[in-house]
Amino acid sequence: MPAEAPPMVDWALARSTATRLVKPGPTISADGALAAVAELREAAARAERYVTEVTGLDASSGSAPVLVIDRPGWIQANLDAFRLLLTPLTDLAASKLAATPRTAGVGARVTGAEVGVLLSYLAPKVLGQFDPFWTGEDGARGRLLLVAPNVVEVERLLRVPPSDFRLWVCLHEETHRVQFTAVPWLRDHLLGLIERLVATADLDDGVLVQVVRQAVRRVVEGIREGEELSVVDLVQTPAQRAIVDDITAVMSLLEGHADVVMDSVGPEVVPSVAQIRAKFDVRRQGQGPDKIVRRLLGLDAKMRQYRDGAAFCRHVLDEVGMAGLNRVWTSPDTLPSRAEIANPQLWVIRNHPEPATPPAG
């Protein structure tokens with residue numbers, strides 16, 4: 001019987017590292033914490049109604065729960081998601097890793113520590129997150145995570161009205177929940193892209209070392225020359241880049257769509273929405289050493305997804321209205337390509353060959 005392949009990541013070490021290194025949340029009384037949790041839950045329910053009204057997407061059949069959590073809870077939720085997404089890669093690597101269990105064990109501990117450090121860095125920064133790949137014991141698909149201490153900390157730093165800010169954050173995250181609930185094939189499509197990406201992975205150690213060395217050299221050069229490069233961008237083979245482009249396009253659409261929806265409700269719903277958006281955009285940019293870390297981790301690319309996806313959605317809305325934009329959710333074939341995210345008119349021409357009728361109003 002062949003030896004069982006060791007795990008690729010020491011998940012227990014990842015969790016202990018992340019929870020040990022993560023910064024504590026803001027100081028708040030027990031009553032204040034309970035009130036913040038209750039208000040976030042209520043804001044999530046209000047946000048779902050607004051998102052449905054604005055987008056016209058029907059998410060009434062959804063069962064994704066809303067969880068208001070702390071930073072260690074967010075770390076555990078993301079470790080669960082990482083384990084699920086790495087399963088295809090684990091299966092692909094099993095035969096090779098089984099032959100060298102000692103080396104693989106060391107690699108698992110190193111990777112576990114790295115994952116832990118990464119999560120400890122991200123845990124204080126994430127306000128909310130929709131995990132589309134989680135499946136509950138009752139069959140629920142996806143879950144909405146709201147990180148209460150981070151919301152409280154950022155609303156204090158920005159000096160914005162807490163109730164407005166909490167609803168505003170929920171509008172973005174609830175849009176993701178509505179997207180995946182109203183478009184049930186979207187989850188499997190994304191999983192399929194990830195599995196295809198994993199299938200192209202070259203697990204030959206010599207090739208991997210060469211790619212990593214090249215990536216490190218280019219990242220150093222990029223920082224010196226002021227380029228926006230990240231490790232995520234650089235450790236892709238040519239065969240992977242087309243798949244990464246597809247994933248990037250989908251994520252840009254999802255993030256940009258959520259940004260447009262959260263800003264569309266107007267001051268009658270969130271009175272300080274303009275003030276919040278202006279201050280939040282400054283926060284997203286990052287400053288000083290934090291900006292370098294964000295670049296290395298590929299988080300600047302994440303910010304480009306918000307910006308480019310929002311520009312795509314706004315252009316399409318101007319051309320064909322919300323009903324026309326909603327054609328993106330028809331099938332994988334109607335999703336925008338990365339080129340169409342950059343040039344939205346290409347998507348409009350491909351999906352609306354008939355002369356566009358300007359949206360009413």
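- Remark: of the listed residues K125, R71, K23, R71 is the sole one forming a salt bridge (Lys or Arg N to Asp or Glu O under 4.0 Å) with E153.
- Inspection of the E173 and H176 side chains reveals no N or O donor paired with an N or O acceptor under 3.5 Å.
- With hydrogens and angles disregarded, a donor-acceptor distance shorter than 3.5 Å links the side chain of N326 to the backbone of T55.
- Between D263 and V273, the closest heavy-atom pair is OD1-CG2, 4.2 Å.
- Of the inter-residue distances, the one linking Q129 atom CD with R143 atom CZ reads 9.0 Å to the nearest 0.5 angstrom.
- Annotation for R15: atom CZ does not count as buried by contact number, only 12 or fewer foreign heavy atoms lying within 6.0 Å.
- Within the hydrophobic cluster formed by Ile, Leu, Val, Met, Phe, Trp and Tyr side chains joined at under 4.5 Å, directly or through other members, L21 is accompanied by V117.
- Hydrophobic cluster membership for I28: V152 (Ile, Leu, Val, Met, Phe, Trp, Tyr linked by side-chain heavy atoms under 4.5 Å, directly or transitively).
- When all heavy atoms of A123 and N150 are compared, the pair lying nearest together is O-ND2, 2.6 Å.
- Taking the charged nitrogens against the carboxylate oxygens, E174 and R177 do have a contact shorter than 4.0 Å, which makes a salt bridge.
- When all heavy atoms of G142 and F130 are compared, the closest pair comes out as CA-CZ, 3.8 Å.
- Summarising the geometry of L146 relative to L40, their closest heavy-atom pair is CD1-O, 4.0 Å, with the distance given to 0.1 Å.
- Note on M322: it clusters hydrophobically with V316, by side-chain heavy-atom contacts below 4.5 Å among ILVMFWY residues.
- By the criterion of side-chain heavy atoms lying less than 4.5 angstrom apart, applied directly or through intervening Ile, Leu, Val, Met, Phe, Trp or Tyr residues, V270 is grouped together with V54 in one hydrophobic cluster.
- Distance alone, capped at 3.5 Å, is enough to place a donor-acceptor pair between the R187 side chain and the F133 backbone.
- The aromatic rings of W168 and F280 lie perpendicular to each other, with more than 60° between the two planes, well past the 30° mark.
- The hydrophobic clustering, which links ILVMFWY residues whose side-chain heavy atoms are closer than 4.5 Å, places L127 and L167 together.
- A donor-acceptor pair under 3.5 Å is formed between the side chain of T334 and the backbone N or O of R327.
- Between D333 and R350 there is no salt bridge, since no side-chain N of the basic residue sits under 4.0 Å from a carboxylate O of the acidic one.
- No donor-acceptor pair closer than 3.5 Å links the side chain of H352 to the backbone N or O of V320.
- Tracing side-chain contacts under 4.5 Å through hydrophobic residues (I, L, V, M, F, W, Y), one reaches W185 starting from L253; they form part of the same cluster.
- Y50 and L254 fall within the same hydrophobic cluster, where Ile, Leu, Val, Met, Phe, Trp and Tyr residues are linked whenever their side-chain heavy atoms come under 4.5 Å apart, directly or through other members.
- Checked by atom type, the side-chain pair D164/Q275 shows no donor-acceptor distance below 3.5 Å.
- Taking both residues in full, the closest heavy atoms of A59 and T181 are given as O-CG2, 3.6 Å, listed atom of the first, atom of the second, then distance.
- The two residues L346 and A339 have their closest heavy-atom pair at CD1-O, 4.2 Å.
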